[in-house]
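In this text the structure is predicted, and so the values were computed from the model without any measurement.
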Amino acid sequence: MRVTWALPRHEPPGPVSVVGDFNDWTPGTTELRPRSNGKRTAAVVVPRGTTLRFRYLGPDGHWFDDEDATTHDGQGGLISV
């Protein structure tokens with residue numbers, strides 16, 4: 001199953017990565033890229049039935065959560081697909 005994350009193109013300014021258990025929490029591996037629709041996105045493919053834990057990492061080491069995640073557990077957002 002394909003999971004896509006999307007943020008406004010310039011909020012927050014600078015590069016943003018999606019970092020989580022699906023990429024061993026490695027910054028820069030899954031960077032959001034600008035799209036023509038005014039957003040920036042990143043996607044990964046995971047097996048159906050997977051639960052992903054993730055956070056965003058912005059410039060200067062700024063970590064932030066996705067307010068639209070299904071659940072938050074204190075270690076990041078959770079999405080089940």
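The two residues His72 and Glu67 come nearest to each other via the heavy atoms CE1-O, 4.0 Å. Considering all non-hydrogen atoms of both residues, Gly28 and Ser17 come closest at N-OG, 3.1 Å. When every heavy atom of Ser80 is checked against every heavy atom of Thr51, the shortest pair comes out as OG-OG1, 3.0 Å. The two atoms that bring Pro13 and Pro59 nearest to each other are O-CG, 3.1 Å, heavy atoms only. Here the closest heavy-atom approach between residue Arg55 and residue Gly76 is recorded as CG-CA, 3.6 Å. Across Asp21 and Leu52, no two heavy atoms sit closer than the pair OD1-CA, 3.7 Å.
In this structure the side chain of Asn23 never reaches within 4.5 angstrom of the side chain of Val44, judged on heavy atoms. Between Thr29 and Val19 the shortest side-chain heavy-atom distance does not fall below 4.5 Å. Taking the side chain as every heavy atom from C-beta outward, Glu31 and Pro15 approach each other to under 4.5 Å.
Using a distance-only test at 3.5 Å, with no hydrogens or angles considered, no donor-acceptor pair links the side chain of Asp24 to the main chain of Thr26.
No donor-acceptor contact under 3.5 angstrom links the side chains of Asp65 and Tyr56, judged on distance only.
By the criterion of side-chain heavy atoms lying less than 4.5 angstrom apart, applied directly or through intervening Ile, Leu, Val, Met, Phe, Trp or Tyr residues, Val16 is not grouped with Trp63; the two fall into different hydrophobic clusters. Under a hydrophobic-cluster definition in which Ile, Leu, Val, Met, Phe, Trp and Tyr are linked whenever side-chain heavy atoms come within less than 4.5 Å, directly or via other members, Val46 and Val18 are assigned to the same cluster. Hydrophobic cluster membership is shared by Met1 and Phe54, with clusters built from Ile, Leu, Val, Met, Phe, Trp and Tyr side chains linked at under 4.5 angstrom.
A side-chain contact (heavy atoms from CB on, under 4.5 Å) with Thr41 is found for one member of Arg33, Arg9, Arg35 and no other, namely Arg35.
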Determine, stepwise, if the pair Asp60 / His62 fulfils side-chain contact (heavy atoms from CB on, under 4.5 Å). CA-CA 6 Å; Asp60 300 322; His62 172 69; 5.6 Å; no

Test Leu7 against Phe64 for side-chain contact (heavy atoms from CB on, under 4.5 Å), laying out the working first. CA-CA 12 Å; Leu7 290 174; Phe64 61 101; 4.1 Å; yes

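Scanning for side chain to side chain donor-acceptor pair (under 3.5 Å) contacts around Arg53 gives Asp73, with sequence neighbours left out.
The aromatic rings of Trp5 and Phe22 lie parallel to each other, their planes meeting at an angle below 30°, with 60° marking the opposite boundary.
Atoms CZ and CD, from Arg40 and Glu11 in turn, are 8.5 Å apart once rounded to the nearest 0.5 Å.
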